[in-house]
Protein chains: 2
Amino acid sequence: MAADPLSRVFAALADPTRRDMVARLAVADATVGQLAEPYDVSVQAVSKHLRVLQEAGLVTRSRDAQRRPVHLEAEVFDLMTAWIERYRRRAEERYRRLDDVLASLPDDDPTDPTTTERGTPS
Amino acid sequence: MAADPLSRVFAALADPTRRDMVARLAVADATVGQLAEPYDVSVQAVSKHLRVLQEAGLVTRSRDAQRRPVHLEAEVFDLMTAWIERYRRRAEERYRRLDDVLASLPDDDPTDPTTTERGTPS
DNA sequence: CCCTTACTCAACCGTTCGGTTGAAAAGAGC
DNA sequence: GCTCTTTTCAACCGAACGGTTGAGTAAGGG
């Protein structure tokens, strides 16, 4: 149970029920019971889901008498977007470079004198 | 095993080994053996990881004799970022509105006549 | 003071997950 | 035609997951 933060966030959001809870918490804070209401599972199951979200840092909980209001912590999203954007950018850069190569290797039309000279020939 | 696409992508990236493979594939395509080399696990385990990444749409594979080069498909990232940004924005909007409320409810100083009138009473 | 509400803890259950080993499939090279 | 390389398939294993039920805890409300 000692996974790195990024793994915990991704794993937490890999469950559709938990994603839906996050979606609803983005609109307003809610108690465990309120969160459990729409789903066809026990309150205990929802409580477990919330613990997963909490340990992923996606959610915090306060006290209001017996109620434990849940609050969405949106900053953790940055962790994911940072990772995703990093490699997405890297991949796109690679494709861009590939496009350049393809663009520099034209039709090889022997009747076209502008294509007979190649850039960086070995 | 019939999970929705978003769950599959999140689940695929919840594993640090798979994330590392994606990171390396962002630099260059690689074969199963090349991908397996740095890790202290069997090639079969890596093959399984690749199947998970493939079913998540993160990766495609072609043929080169016995080799099966793996290629990163970066478009799937958009699926995640779209989801994340949607709810991040929603959450931030909510906080912004909360700030507005707090700003419109000033110090409540009884000696200050400008704070005695409240908007939308009752 | 009960009693009800709101929630968590604990134990259990079936399934999935990440890993293993062993065998098979598919090609290239001698 | 063998053999070596590369990869997958299949069976298995322990741990984690998502769910359940049942009991326990904490705090208001009659």
Closest approach to the side chain of [X], judged atom by atom: which nucleotide of [options] is it?
X: Ser42(B); options: dT21(C), dA6(C), dT8(D); answer: dT21(C)
X: Lys48(B); options: dT7(D), dA11(D), dC9(D); answer: dA11(D)
X: Arg63(A); options: dA26(D), dC12(D), dT21(C); answer: dA26(D)
X: Ala45(A); options: dT8(C), dG19(C), dT20(D); answer: dT20(D)

Distance test, side-chain N/O of His49(A) to OP1/OP2 of dG19(D), below 4.0 Å: yes
Short side-chain N/O contact from Ser47(A) to OP1 or OP2 of dT8(C), under 4.0 Å: yes
Check: dT7(D) base within 3.5 Å donor-acceptor of Gln66(B) side chain: no
Distance-only donor-acceptor test (3.5 Å): side chain Gln44(A), base dG22(D): yes
Pairing of Glu92(B) and Arg96(B) as salt bridge, 4.0 angstrom limit: no
To the nearest Å, give me how far apart [atom1] ([X]) and [atom2] ([N]) are.
X: Glu37(A); N: dT5(C); atom1: CD; atom2: C1'; answer: 16 Å
X: Arg51(A); N: dA16(D); atom1: CZ; atom2: C1'; answer: 12 Å
X: Arg67(B); N: dA28(C); atom1: CZ; atom2: P; answer: 8 Å

Whether Trp83(B) and Phe77(A) hold their rings parallel, tilted or perpendicular, with breakpoints at 30° and 60°: perpendicular
